[in-house]
Amino acid sequence: MACVSFAKLNAPSSNWIGGQQSPSLRSGSSTRLATRRVSLQIRAGAYTDELIKTAKTIASPGRGILAIDESNATCGKRLSSIGLDNTEPNRQAYRQLLLTTPGLGEYISGAILFEETLYQSTTDGKKFVDVLHDQKIVPGIKVDKGLVPLPGSNNESWCQGLDGLSSRSAEYYKQGARFAKWRTVVSIPCGPSALAVKEAAWGLARYAAISQDNGLVPIVEPEILLDGDHPIERTLEVAEKVWAEVFYYLAENNVIFEGILLKPSMVTPGAEHKEKASPETIAKYTLTMLKRRVPPAVPGIMFLSGGQSEVEATLNLHGMNQSPNPWHVSFSYARALQNTVLKTWQGRPENVEAAQKALLVRAKANSLAQLGKYSAEGESEEAKKGMFVKGYTY
């Protein structure tokens with residue numbers, strides 16, 4: 001659990017300091033409104049140094065995150081698209097294909113796992129966590145319990161999972177996880193309402209504080225959904241509002257900014273908007289939002305793909321790395337790394353090597369994009385196909 005240190009800061013007197021009434025007010029002193037030195041608690045957890053080191057490791061040049069934390073139900077949808085049943089052996093076989101890809105650690109610094117996968121092993125009996133360690137990839141874990149309707153809102157949702165999170169996080173740490181992910185969403189067509197934005201921000205902040213108390217670097221992810229026909233200017237407006245609220249509550253909960261990672265949506269027009277934005281425009285609007293809202297103390301920004309095609313997600317990341325940024329700007333992709341891989345595999349053992357090569361192609365492309373050196377020349381038509389699904393859920 002966290003311990004606290006104390007810093008002496010100049011601040012106006014309060015009626016109550018450290019739980020006791022101010023002496024100046026008890027005595028009726030005329031100096032009761034004078035500025036004086038008081039003790040404020042500054043959080044310094046037992047894991048602080050480790051959190052900062054882990055975050056920096058994940059935010060290392062030319063590398064990003066492979067997100068394979070789909071729930072069993074969502075993984076089942078992926079498997080059914082290639083004619084496979086949603087069984088544990090099939091889920092294990094697919095994730096084994098991904099995690100045992102030779103050379104993956106050159107481009108991937110972290111892998112977000114579903115709980116089932118965190119405790120699984122290869123068919124040869126080697127723990128997936130150890131497979132990742134051997135490639136110098138940091139294991140991560142999805143800790144939220146999914147989205148449910150938010151009462152009193154405009155048909156919006158909130159993310160559940162805070163109950164029991166501390167004890168679960170402690171167990172995940174023992175199993176080898178060193179970072180965590182919590183995904184909540186904000187819908188522009190539904191408003192978003194002030195209630196939904198506040199609920200998203202507060203939930204993320206509580207999760208982040210609990211994760212850090214248990215040694216896990218929290219990935220902070222308020223996904224602004226692509227759904228809608230709004231222009232890019234509206235997305236920018238909403239994104240600035242959401243991230244302002246998120247950082248306010250992160251600070252209120254004494255979260256260590258140097259020990260977190262962000263997983264934002266890129267600032268794009270709604271998926272149904274009549275005009276598509278170029279990678280240069282998306283980079284301009286996204287970086288504008290980040291520079292207005294994200295402190296440079298944050299080590300890494302790992303974008304989600306959110307239904308963009310594999311090539312779109314890579315091109316847009318490349319556009320954001322054409323000049324130096326205050327933070328490591330990289331990727332945390334699921335579908336934008338896996339789509340071609342899944343279709344190449346088709347559930348057949350004889351296709352595993354080809355599917356792993358397809359994963360390396362996408363991982364290397366995004367590594368180059370993180371370095372600002374990507375070219376879309378030679379990309380397949382399959383990689384250019386969009387993957388947006390209206391109302392998509394994990």
Asks: Testing the basics here: between M289 and L236, what is the closest heavy-atom pair and its distance to 0.1 Å?
Replies: CB-CD1, 3.6 Å
Asks: Would you confirm whether S169, through its side chain, and L165, through its main-chain N or O, come within 3.5 Å as a donor-acceptor pair?
Replies: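 Looks like yes, one N/O pair under 3.5 Å.
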Asks: Treating N253 as the side-chain partner and Y249 as the backbone partner, does any N or O pair qualify as donor plus acceptor under 3.5 Å?
Replies: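 Confirmed, N253 side chain pairs with Y249 backbone.
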Asks: Identify the heavy atoms of A196 and L150 that sit nearest to each other, and give their distance.
Replies: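 For A196 and L150, the tightest heavy-atom pair comes out as CA-CD2, 3.7 Å.
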Asks: Main chain of I108, side chain of R63: is a donor-acceptor contact present, judged purely on distance under 3.5 Å?
Replies: yes
Asks: For K357, is there an ion pair with E353 - N to carboxylate O distance below 4.0 angstrom?
Replies: yes
Asks: For the OG1 atom of T314 and the CG atom of L337, what is their distance to the nearest 0.5 Å?
Replies: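 These two atoms lie 7.5 Å from each other.
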Asks: So, for E156 and S193, which heavy atoms are closest and what is the spacing to 0.1 Å?
Replies: OE1-OG, 2.6 Å
Asks: For Y47 and Y173, what are the C-alpha separation, side-chain angles and deciding distance, and is it a ring pair (Phe, Tyr, Trp, His ring centres under 6.0 Å)?
Replies: CA-CA 12 Å; Y47 292 101; Y173 184 92; 5.3 Å; yes
Asks: Would you please say whether a donor-acceptor pair under 3.5 Å links the side chains of T100 and Q356?
Replies: yes
Asks: Please report whether the ring centroid of F247 lies less than 6.0 Å from that of F257.
Replies: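 F257 vs F247: aromatic centres under 6.0 Å.
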Asks: Do the charged groups of K276 and E312 touch, with an N to O distance under 4.0 Å?
Replies: yes
Asks: Any donor-acceptor pair under 3.5 Å linking the side chain of N90 with the backbone of L84?
Replies: no
